[in-house]
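Some notes on the structure that comes next.
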Amino acid sequence: MKCVWFSFVVVWLFLTGCFQDRGNSNANDDVYDILNIYSDRHYPVDDTIYKMFENATGVKINLVKGKSEDLLARLQKESQATKADLLITADVGRLHQAKSAGFFQSVDISPALQYIPSYLYDEEGYWFGLTKRARVIVYAKERVEDYEIRDYEDLTHENWKGRIAVRSKENIYNQSLLASIIAANGEEEAINWVKGVVENMYQSPKGNDRDQVKAIFAGKADLAIINTYYLGQMHHSEDPLERKAAESVKVLYPNQLGRGAHINVSGAGVLKASKRKELAQQLIAFLLSPEIQELYAKENFEFPVHENVQTSQEVLSWGAFHEDQIELSKIGSLNATAIKVFDKGGWK
Amino acid sequence: MKGLSIQHITKSFGSSKVLNDCSLDINGNDFVALLGESGSGKSTLLRLISGFESPEKGKVILNNRVLLDDQLFVKPEDRHIGMIFQNYALFPHLSVRKNIAFGMSASPESEAYLEELIEIFELAEQQHKKPSNLSGGQQQRVAIARALAVNPSLLLMDEPFSNLDQTLRRKVRIEIKAMHEKFSIPMILVSHDPEDALELADKIAVLQQGKIVQFGVPSELYYNPVNQYVADLLGPNTKYKNQFIRPEQITFNRSDFQGKVIRSAFSMRGNILVIEADGHEFLAYDYSRTNTIGDEVSFGILANH
Amino acid sequence: MVFTTLRMILGVGLIAAILAIPSAYFVSNYQFPLRGFLRKANILPVAIPTYIMGFTYASIFSVTGSFYAFAELFIDRETLYSWDIDVVNELGLMFFLAFALYPYVYSAALVSFSIKNKSIEEAAASLGVGPWKRFWKVSFPIVLPAVLSGLALVTMEVLNDYGAMAYFNINTITAGIFQAKQMDFTSSVFLSALFFVVIASVFISYYLFKSYKKVASTLSSPSYDLMPMEKKQGMLVSFVVFIPFFLGFILPVIELVSLASSRLNIIFSMDFLIISLNAVQLAFIPALIIVLLSLILLYNEYINKGFFSRFISAISNIGYAIPGAIIAVAVMSFVIVLDGEEKGFYHFLIDSLILLIFAFVIRFLAVGYNTLEGGFYKITKQLPDASRSLGVGSFKTFIRVYFPLLKSALLTTLAIVMVDILKELPITLLLQPFNFHTLATVAYEKAKITESVRDAAPFALLLIIVGTFAVLFLVKDFSKKNK
């Protein structure tokens with residue numbers, strides 16, 4: 001009897017497993033009313049937005065969520081055979097990599113770009129920034145006065161010895177920040193900057209952006225380099241201590257008298273192999289529309305790329321700022337140099 | 001020709017040659033015992049006959065059917081050779097009855113034969129038990145019944161007595177002898193115990209370093225072994241003038257030799273004496289248990305029977 | 001990078017051995033309080049993926065984490081902070097990975113401590129050798145091959161971890177592979193990584209091959225009695241055996257529960273049920289294939305004795321030495337190269353999950369093979385020999401003799417492989433079709449958004465619950481064998 005049950009379960013598991021229904025995942029080429037996306041953005045708000053697009057257009061969106069490294073490797077292998085129409089990734093370095101590997105095709109969505117500053121998308125139309133993130137300095141409210149530090153370059157001052165918390169060089173946001181410094185000051189200066197910051201670190205780099213804020217909270221460091229939206233998340237954490245940690249720091253938008261604070265984008269590009277170029281363009285235009293831009297801003301503490309859309313009140317309360325308006329494609333193309341500079345300067 | 005023919009078999013494991021150009025012919029329904037020191041290749045030869053090993057070269061023919069030669073290799077399951085393993089290899093998950101019926105096809109005749117076998121081997125009471133609940137002797141009987149159930153053309157037994165105590169051993173020997181007569185098939189028994197071989201076998205083959213060095217009836221091997229190795233395998237002896245003298249050949253009724261007892265030990269048949277005479281140490285049975293160490297004795301040697 | 005990797009391997013291996021061997025020794029030789037429970041309990045940490053273990057411990061020791069909250073009861077926070085307790089470093093990660101991986105060594109050692117010839121131990125005792133010396137001189141050398149094969153598995157798991165290493169910023173070879181993967185497959189980093197993998201493969205296949213056979217050959221009396229202990233000593237031993245279980249399971253699970261506390265209700269929601277059911281199904285199919293393949297490989301070794309069969313088995317086992325991401329990219333490239341212009345076959349394989357399952361089979365066949373091998377070699381070869389001498393062909397012998405006798409070993413293997421597949425991340429991330437979720441990928445996505453384990457905690461817990469069920473399933477049967 002036991003045996004009969006067991007074999008029944010086996011057969012059931014096998015059959016249902018083989019023909020699993022994954023929510024009408026008809027990711028086939030011949031169906032026109034679908035869009036296939038490879039994405040490394042995993043925010044809940046993204047799902048909401050795709051739902052909205054589906055409801056508005058009747059187009060079904062299929063998603064593969066993965067690490068950007070994995071998605072790029074997969075695209076490289078699949079090449080022209082990929083079923084994906086769009087790649088969405090969270091950093092301009094990755095967008096540039098995808099462009100130079102020839103994954104994207106150039107598309108013209110100029111009507112949608114009317115209110116988008118030109119440095120936030122690729123001028124040839126290979127990729128488009130969807131949201132901005134600012135990589136800023138936060139400092140300990142109680143131990144640092146706001147006049148003590150102004151620019152990224154100030155981080156190398158010996159005054160900060162053993163007081164800076166920052167994560168590893170493997171982090172793509174750090175790489176893009178360094179790329180912006182290379183663009184502004186040249187490679188030599190950038191190496192010196194890396195060396196200077198390494199000198200001033202309170203410990204060897206590790207952990208994530210939140211951990212750097214916590215280090216300030218614990219009094220181990222006084223300055224940290226982080227993306228602002230992590231601070232937003234911490235302010236809304238379930239853990240009261242984490243909220244306290246977020247409250248113990250203040251945001252400094254650096255280089256306000258000069259080139260501006262470094263920003264990065266998460267963005268999208270239409271893949272060369274896509275046979276649904278128009279639909280893909282339609283989605284990007286949709287994501288750039290004021291309505292969606294507002295959602296990004298509200299739900300995720302990110303900055304909208306649309307000029308007329310307001311940043312969320314909470315983020316605004318940290319202060320308004322002027323951003324580094326260097327073309328992000330330049331930042332992307334400097335990514336490889338940035339990795340080298342990190343190595344030369346001894347950033348771990 | 002009915003019988004088994006093994007021709008020029010060579011088998012190595014790694015660099016050591018276990019069987020070296022080994023040949024043996026068994027006629028009719030003979031019960032053959034295969035003797036040899038451990039490592040002499042007995043079990044390997046058995047496994048070659050049954051098809052669990054294959055040699056580098058050689059030929060095996062059973063009842064005019066080639067089982068193995070340079071081109072041909074008949075799989076064990078197609079050889080119709082029964083095998084009794086050292087620890088019986090009964091299937092632990094099956095009852096006695098199912099063990100015996102394991103290789104039988106389903107038919108009324110075989111059902112009847114199964115009942116008969118259970119009867120013959122006195123296993124009726126145990127037939128629904130699992131093998132682990134049986135005694136050693138019963139397990140042995142199941143193993144034999146199972147092997148015979150498929151009507152093999154040859155039955156091989158690999159040290160079948162090694163897990164039995166002395167009393168049981170004697171009893172099982174008698175059973176096997178009776179079974180051999182009843183089922184009239186050729187059998188090969190591998191053993192390291194000369195008593196098994198001498199008592200059971202029609203013929204004995206002795207393996208030395210991968211070769212059959214002597215093959216013949218028990219008395220021939222016992223009294224006229226071809227070398228010291230064969231002589232020692234079959235029991236204690238004294239080599240004297242190219243003759244291997246067995247202890248029971250020594251008689252104190254004659255006085256051809258004068259000697260001195262240098263050792264004495266108790267045994268069931270009589271005290272075993274070591275007598276030094278003519279520059280040799282003779283073994284003898286002292287049935288009267290009268291001689292002690294240091295005694296001068298005179299004795300003679302009886303001829304071979 | 002190579003040195004960091006070697007340091008990690010040696011460090012994790014050493015700590016895992018220290019946690020595992022004494023527990024296995026006491027459990028299989030002595031009677032002490034809670035022995036039965038602890039024997040099973042020490043296998044449970046395998047249900048926790050290494051990256052979850054790393055993240056969870058980092059969370060415990062984070063300045064806003066439970067450790068400080070607990071310590072605050074005794075010492076004020078300012079003082080605590082000034083002490084500079086830092087676990088997010090190489091040494092820390094060695095410990096945390098060892099907490100998750102020691103069961104591999106433990107279960108290997110347990111099996112061989114249990115089946116080893118008890119009379120050897122007794123002979124040593126009769127010669128007046130004390131327990132301590134007896135352990136080092138007698139028991140330890142006997143289980144050493146099994147311990148080494150357990151350590152080989154640990155090594156491979158260390159090499160496969162990416163998440164925890166990245167968070168702790170430890171640049172192992174695996175991290176190198178992931179960087180190289182960005183586009184460039186010919187870079188020196190990739191080559192050196194590949195070299196290392198080749199060495200590791202040789203190492204692992206060697207031990208996979210030696211260990212169990214040696215153990216099997218020393219197999220003798222299966223039944224023996226546990227040695228009794230004085231009450232005080234017994235308590236002490238229970239405590240010692242409890243420590244690894246506490247560190248590897250209780251503590252992280254408590255932390256995850258407290259992190260997920262406000263969201264625990266999601267665990268019982270329908271979505272969760274569906275996701276976990278899908279995960280179980282997805283793990284089940286490759287696990288079943290692996291079990292069958294392992295059985296066939298082992299049976300082939302029996303039927304066709306000789307170097308070639310063993311060679312086939314050795315080759316089949318190499319998958320475990322190769323990091324998942326490489327296997328995934330390799331099978332993907334393989335199919336794409338073979339396929340025609342349209343790549344319809346490739347897409348079919350991705351959409352039907354066949355490619356994913358195929359990659360799982362390559363990666364985890366070694367796990368199945370090794371787990372089953374222990375049981376397989378406990379069956380004396382004379383049983384199939386006997387069956388064949390009765391005229392039953394090799395396939396029928398397989399069905400009628402091996403299958404019923406290996407039933408429990410097969411279930412055990414199925415469970416172990418399923419747990420491994422449930423935890424797997426890199427292969428799944430690379431070869432997933434559209435709109436696809438497993439517990440591991442969902443946990444990973446959640447952890448990635450906020451870069452903390454908090455949002456992933458309910459999913460991680462579910463993963464652990466499912467894994468624990470599978471392990472308990474196998475351990476129950478394991479205990480039966482020992483009675």
Side-chain angles (χ1 to χ4, degrees), chain B residues 11-14 43 46-54 56 73-95 98-105 110 130-132 139 142-160, chain C residues 115 117 209-210 213 216-217 219-224 295 299-311 375-412 477 480-483:
Chain B
K11 168 78 183 173
S12 330
F13 289 118
S43 290
L46 225 53
R47 292 178 64 77
L48 278 163
I49 298 170
S50 51
F52 297 122
E53 303 278 357
S54 50
E56 281 94 58
F73 177 82
V74 177
K75 282 188 279 184
E77 54 266 35
D78 300 327
R79 290 193 177 195
H80 303 292
I81 294 177
M83 182 127 178
I84 313 286
F85 295 87
Q86 196 166 356
N87 48 12
Y88 318 131
L90 299 179
F91 305 116
H93 58 301
L94 300 176
S95 67
K98 284 189 174 153
N99 258 286
I100 298 173
F102 190 86
M104 295 173 108
S105 54
S110 54
K130 290 280 166 66
S132 53
Q139 288 188 14
V142 177
I144 297 170
R146 185 178 69 177
L148 290 172
V150 292
N151 294 316
S153 332
L154 171 70
L155 188 62
L156 308 177
M157 293 183 279
D158 191 1
E159 304 266 8
Chain C
I115 65 177
N117 196 339
F209 269 85
K210 286 287 164 189
K213 278 161 204 176
S217 67
L219 182 151
S220 68
S221 61
S223 62
Y224 59 88
L295 194 54
Y299 194 59
N300 180 49
E301 281 178 52
Y302 156 74
I303 294 280
N304 305 311
K305 297 164 189 80
F307 177 74
F308 189 63
S309 306
R310 268 185 291 127
F311 182 70
F376 192 87
Y377 281 101
K378 272 185 211 161
I379 296 177
T380 154
K381 279 186 183 146
Q382 293 182 345
L383 288 181
D385 282 357
S387 163
R388 296 178 75 197
S389 77
L390 292 167
V392 175
S394 50
F395 180 71
K396 276 194 173 165
T397 295
F398 183 67
I399 300 290
R400 291 179 61 188
V401 177
Y402 271 111
F403 228 81
L405 286 175
L406 281 173
K407 213 159 40 182
S408 61
L410 289 170
L411 291 178
T412 302
D477 138 81
K480 238 189 277 170
K481 242 181 301 176
N482 260 2
K483 266 175 193 168

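Reminder, nothing fancy here: chain letters follow the sequence lines and each chain counts from 1. Computed from heavy atoms alone, side chains included, the values below leave out hydrogens, waters and symmetry copies.
To the nearest 0.5 Å, atom CD1 of residue B/Ile100 and atom CD1 of residue B/Ile144 are 11.0 Å apart.
B/Phe102 carries C/Arg400 over the face of its six-membered ring, with the cationic atom under 6.0 Å from the centre and within 45° of the normal.
At a 4.5 Å heavy-atom cutoff, the contact between B/Leu90 and chain C is made by backbone atoms alone. Of the atoms belonging to C/Ser394, heavy atoms from both backbone and side chain fall under 4.5 Å from chain B. For B/His93, the parts sitting under 4.5 Å from any heavy atom of chain C are the backbone and the side chain alike.
Among B/Asn87, B/Leu94, B/Leu156, B/Asp78, the residue making the largest number of heavy-atom pairs under 4.5 Å with chain C is B/Asn87. Most heavy-atom pairs under 4.5 Å with chain C, from the set B/Ala89, B/Gly103, B/Pro152: that is B/Ala89. When each of C/Ile379, C/Leu390, C/Thr397, C/Val392 is checked for heavy-atom pairs under 4.5 Å with chain B, C/Leu390 comes out on top. The greatest number of non-hydrogen atom pairs below 4.5 Å with chain B, out of C/Ile303, C/Val401, C/Thr380, is found for C/Val401. Between chain C and the residues B/Met104, B/Gln86, B/Met83, the most heavy-atom pairs under 4.5 angstrom are made by B/Met83.
Between C/Phe398 and C/Tyr299, the ring planes are tilted. Angles from 30° to 60° get that label.
Shown here for B/Pro76 and B/Phe52, the closest heavy-atom pair between the two residues is CB-CE2, 3.7 Å.
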Might you work through the side chain to side chain contact (heavy atoms under 4.5 Å, CB included) test for B/Phe91 and B/Lys98, ending with a clear yes or no?
-> CA-CA 9 Å; B/Phe91 305 116; B/Lys98 284 189 174 153; over 6 Å; no

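With salt bridges taken as basic N to acidic carboxylate O contacts below 4.0 Å, none links B/Asp158 and B/Arg47.
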